[in-house]
2 protein chains.
Amino acid sequence: MTQLCKSCPATPRQAAARKHAIDRRLDHALFKAFADPTRALLIACIAKCGRGCSVGEIAECCSVDVSVVSRHLSMLARAGVLEPRRRGRAMLYQVRYRELSRALRDLADAIDACGPVENDKKEDRCGGGC
Amino acid sequence: MTQLCKSCPATPRQAAARKHAIDRRLDHALFKAFADPTRALLIACIAKCGRGCSVGEIAECCSVDVSVVSRHLSMLARAGVLEPRRRGRAMLYQVRYRELSRALRDLADAIDACGPVENDKKEDRCGGGC
DNA sequence: GTAGTATTTGCATAATGACGCAATTATGCA
DNA sequence: TGCATAATTGCGTCATTATGCAAATACTAC
C-alpha cells in the first residue's frame with residue numbers, strides 16, 4: 001500500500017499528507033467483511049435489530065447452516081464490525097455502530113482529500129501523491 | 001437482504017425506516033471492489049494521483065501483470081469506483097471522488113440510524129427492525 | 001496501407017473462500 | 001455428576017476469483 005507510481009513524482013508535502021490519510025483507511029479486512037452477500041445480510045440483520053443477537057437468532061435471518069453463520073460472525077468480530085459478548089450459553093453479537101460509521105467516514109474524508117483541487121485540474125499533471 | 005429475524009418482531013414504522021436505509025446502502029459490489037489487496041492498492045494509487053492515470057502507469061504501482069491490472073480497472077469502473085476515459089491509445093482511469101465518498105457517508109448514516117437509541121438500551125429487547 | 005504502442009481478451013492454473021455435516025467444546029440446570 | 005442446549009471447529013467439496021502468458025484488438029504516426 002506504500003508503493004507509488006514511478007511516473008508520478010510528487011510534491012513531498014502533498015504526497016505525505018495524502019498518502020497518510022488514505023492508506024491507513026483502506027483496511028481491506030473491513031471491506032472483505034461487507035463483500036460477501038451472506039455477511040452483508042447478517043450485518044444488516046443485526047444492525048437493524050439494534051441489540052446483541054445470539055448466533056441462533058441471527059441464523060434465522062438466512063438460509064445457511066448455523067456453523068457457517070458462526071464462522072461469519074467470528075470473522076466479522078475479528079474485522080471490528082461486531083462486538084462479541086457471552087451471556088450464558090448464548091453468544092451475543094452486536095454491531096459496533098460508532099466505530100463502523102467512523103471508519104467509513106474517515107475513509108470518505110481521505111478520499112475527498114485526494115480529490116482534484118484547483119491546481120490539479122490540468123489533466124496532464126499529476127496532482128502529487130504518487 | 002429483505003429477510004428478517006423471525007424472533008425479532010418489529011414496530012412496523014421503525015422496521016421500515018431502518019430497513020430502507022441500510023439495505024439500500026449495502027451494495028456488496030462496491031465493497032468487493034475494496035476487498036482485494038491489489039485493487040485497494042490500485043485505488044489508493046489512482047486516488048492519490050488526483051488525475052486520470054493510464055493503465056500502464058497504474059501497473060507500475062504494483063507487481064502484477066498489466067493484463068491483471070486492466071481487468072481490475074474495468075471491474076472497478078463497473079463497480080462505479082473509477083471513471084474510464086479514452087485519450088488516444090491510452091485508457092485513463094480516474095477515481096469518482098464525489099460518488100465514492102457519498103456512498104460511504106450514506107452507509108455510515110444508515111448504520112448510525114440503526115444505532116441504539118434510548119428505548120433500545122434494554123439488552124433483552126429488540127429495537128425493532130428485524 | 002505498415003509499424004509501433006497501449007490495452008483488452010482467451011485460456012489454463014493456482015489460491016481463496018463459502019458451505020454442509022459431523023464431532024467437539026462451553027455453559028446451564030437438575 | 002449427567003443431560004440438554006448453544007456455539008465452535010475439523011474436514012472435504014464446490015464455486016469463485018486472482019494471476020500470468022499469449023494472442024487479439026484499438027489507436028497513433030508515418
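Each chain gets a letter, A, B and so on, in the order the sequences are listed, and its residues count up from 1. All values below come from the heavy atoms of this structure, side chains included, with hydrogens, waters and symmetry mates left out.
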Sulfur to sulfur, is the gap between A:Cys45 and A:Cys61 shorter than 2.5 Å? yes

Would you kindly give the [atom1]-to-[atom2] distance between [X] and [N], to the nearest whole Å?
X	N	atom1	atom2	result
A:Leu41	C:dC19	CG	P	11 Å
A:Glu57	D:dA6	CD	P	11 Å
A:Leu82	D:dT8	CG	P	12 Å
A:Leu76	D:dT8	CG	P	12 Å
A:Met75	D:dT8	CE	P	15 Å
B:Asp65	D:dT17	CG	P	20 Å
B:Ile58	C:dT8	CD1	C1'	14 Å
A:Glu60	D:dA6	CD	C1'	13 Å

B:Ser70 or A:Arg86: which one's nearest nucleotide on DNA chain C is closer to the 5' end? B:Ser70

Which residue lies more 5' along DNA chain C, comparing A:Gly88 with A:Asp36 via nearest heavy atoms: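 Of the two residues, A:Asp36 wins.
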
Any side-chain heavy atom of A:Met75 within less than 4.5 Å of one from A:Arg71? no

Do the non-hydrogen side-chain atoms of B:Val69 and B:Cys62 ever get within less than 4.5 Å of each other? yes

OP1, OP2 of [N] versus side-chain N and O of [X]: anything below 4.0 Å?
X	N	answer
A:Thr38	C:dC19	yes
A:Tyr93	D:dA6	no
B:Lys32	D:dT16	no
A:His72	C:dG17	no
A:Arg87	C:dG28	no

Does A:Arg86 use its side chain to pair, donor to acceptor, with the backbone of A:Arg89 at less than 3.5 Å? yes

Tell whether A:Arg71 reaches the base of D:dG10 with its side chain through a donor-acceptor pair below 3.5 angstrom. yes

Looking only at N and O atoms, is any donor in the side chain of A:Ser67 or the base of C:dC19 less than 3.5 Å from an acceptor on the other one? no

[X] bridged to [Y] by N-O distance under 4.0 Å:
X	Y	result
B:Arg98	A:Asp112	no
A:Arg105	A:Asp109	no
B:Lys32	B:Asp27	no

Given a 3.5 Å cut-off on both pairing distances, which stems involving DNA chain C, each at least three consecutive Watson-Crick or G-U pairs, are present, if any?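 Runs of three or more consecutive pairs: C:1-30 with D:1-30.
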
Non-hydrogen atoms of A:Arg51 and A:Tyr97 that approach each other most closely: N-OH, 4.5 Å

Identify whether any heavy atom of A:Val68 sits under 4.0 Å from a base atom; if not, whether one sits that close to sugar-phosphate; answer base, sugar-phosphate or nothing.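 Base contact.
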
Where the side chain of A:Arg89 is defined as all heavy atoms beyond and including C-beta, which of D:dT19, D:dA4, C:dG20 is the nearest nucleotide?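 The nucleotide sitting nearest to the side chain is D:dA4.
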
